[in-house]
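Just below is one structure, and these are the notes that go with it.
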Number of protein chains: 2
Amino acid sequence: MFISKTSEHALRILTYMALNYETQLSARNLFEELQIPKRYLMRLLTDLSKSGFIKATRGRSGGYVFARSLDTIYFSEIIDSVEGLLPFEGCVLGSSVCPVDKPCAMHQIWEKPKQTFLETLKTTTLADLRSGKNIRLQ
Amino acid sequence: MFISKTSEHALRILTYMALNYETQLSARNLFEELQIPKRYLMRLLTDLSKSGFIKATRGRSGGYVFARSLDTIYFSEIIDSVEGLLPFEGCVLGSSVCPVDKPCAMHQIWEKPKQTFLETLKTTTLADLRSGKNIRLQ
DNA sequence: ATTAAATAATACCTGAAAGTATTAATTTAT
DNA sequence: ATAAATTAATACTTTCAGGTATTATTTAAT
Ligand code: FES
Ligand code: FES
């Protein structure tokens with residue numbers, strides 16, 4: 001839970017690419033490393049490309065590299081592009097925004113975990129992953 | 001996101017019942033208050049009954065009341081009975097448990113929000129809802 | 001020029017969660 | 001006894017995220 005399978009895929013893809021920032025990677029390369037279903041992976045790569053995180057080079061020696069600097073790519077933006085952030089920001093009971101003047105019965109209780117979650121997404125960039133020593137991607 | 005629609009329904013049902021602890025409520029009562037699809041609501045009530053949170057009285061003047069004291073019913077137990085807690089406790093990348101010795105690239109980053117989330121679920125009971133002044137349930 | 005190896009576009013399929021329908025069982029009021 | 005009002009059991013349908021399949025386009029090596 002927490003995030004959708006597709007968001008999870010997207011994060012894994014971009015994390016692996018971040019750990020290999022220098023090298024252009026093809027869908028084939030990524031498939032071998034990440035074992036995300038091949039055709040689905042390819043579609044996600046096109047999506048991530050359209051979203052402007054990475055850029056594609058077509059043709060025989062094509063592949064993907066980042067289109068932007070790693071330290072400008074926040075987790076929040078990635079998840080936002082895949083499934084949207086609204087479900088995370090809104091009221092736990094029903095998907096609309098938390099009304100400031102009339103919070104629901106659970107607002108107070110969920111406030112802290114929700115804030116912590118969003119805070120993490122909004123302050124962590126792909127660059128932060130490179131500093132860690134962990135490389136396992138599943 | 002965060003929790004499934006069914007968990008959300010379950011929480012709303014039990015929250016409303018907690019706020020009306022004294023009175024026996026029928027599926028009809030709950031439907032009128034919560035607008036959860038009627039037949040689905042009825043099935044969920046049977047499930048919650050089987051799980052031991054509430055107890056049903058069948059027949060003409062039947063309905064539901066709590067089977068246990070409110071301060072013993074933790075959010076974690078409710079969600080656990082509906083969709084399971086494992087997806088929340090396990091590794092963000094892949095659904096198995098976080099291996100202590102070999103955490104994934106995102107473990108460190110997700111640790112805090114995950115802990116905060118689980119902490120909230122595991123320390124909040126239905127009794128805690130009654131103390132609040134908020135009564136909105138959607 | 002041709003072929004091979006890559007990405008892109010688009011339409012289709014599938015499985016699981018969410019929701020619906022039907023029928024049975026239980027209890028109380030009359 | 002009968003009918004009305006409730007919960008219980010079980011099977012079916014719908015929806016949509018996740019995954020496949022097919023075909024087109026682009027580029028470089030030969
Ligand atoms: S109003 Fe429901 S979580 Fe904020
Ligand atoms: S090992 Fe992946 S989140 Fe802990």
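Here is the naming used below: chain letters follow the sequence lines, and residue numbers restart at 1 for every chain.
- The interatomic distance linking B:I13 (CD1) with C:dG19 (P) rounds to 11 Å, in whole Å.
- Side-chain N or O atoms of B:E83 include none that pairs as donor or acceptor with a backbone N or O of B:S7 at under 3.5 Å.
- How far CZ of A:R68 is from OG of A:S51: 10.0 Å, rounded to the nearest 0.5 Å.
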| request: Report the C-alpha separation of B:L121 and B:L85 in whole Å, then their side-chain angles, then the decisive distance to 0.1 Å, and conclude whether the side chain to side chain contact (heavy atoms under 4.5 Å, CB included) test is met. | output: CA-CA 10 Å; B:L121 293 186; B:L85 272 186; 4.0 Å; yes
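- The footprint of chain B on DNA chain D, defined by a heavy-atom cutoff below 4.0 Å, extends from D:dA4 to D:dA11.
- Residues A:A56 and A:S49 share a closest heavy-atom pair of N-OG, 3.6 Å.
- Under 4.0 angstrom from either OP1 or OP2 of C:dG19 there lies at least one side-chain N or O belonging to B:H9.
- Sorted by first then second residue, the side chain to side chain donor-acceptor pair (under 3.5 Å) pairs that include residues 110-119 of chain B, not counting sequence neighbours, are B:H107-B:E111.
- Rounded to an integer number of Å, the gap from B:I36 CD1 to C:dT20 C1' is 15 Å.
- Just one of B:T125, B:D128, B:T120, B:L126 meets the side chain to side chain contact (heavy atoms under 4.5 Å, CB included) condition when paired with B:F75; it is B:L126.
- We find the OH-CD distance between B:Y64 and B:Q24 to be 10.0 Å, quoted to the nearest 0.5 Å.
- Computed from coordinates, the B:I3 CD1 to C:dA17 P distance equals 15 Å when rounded to whole Å.
- Under the side chain to side chain contact (heavy atoms under 4.5 Å, CB included) criterion, A:Y40 pairs with A:T6, A:H9, A:P37, A:R43, A:L44, sequence neighbours left out.
- Here A:I13 contributes atom CD1 and A:I36 contributes atom CD1; the two are 4.0 Å apart, rounded to the nearest 0.5 Å.
- Between the side chains of B:T72 and B:S69, no donor N or O sits under 3.5 Å from an acceptor N or O.
- Contacts of A:K122 classified as salt bridge (Lys or Arg N to Asp or Glu O under 4.0 Å), with partners at least two apart in sequence or in another chain: A:E89.
- In this structure, B:D47 places its CG atom 14 Å from P of C:dG19, rounding to the nearest Å.
- An end-to-end axis angle of 10° holds for the helix from C:dA1-D:dT30 to C:dT30-D:dA1, taken from five base pairs per end and rounded to 10°.
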| Sequence-aligned protein contact record of nucleotides 6-13 of chain C, with B where the base is within under 4.0 Å of a protein heavy atom and S where only the sugar-phosphate is | BBSSBB--
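- Between B:E83 atom CD and C:dA17 atom C1' the separation is 11 Å, expressed in whole Å.
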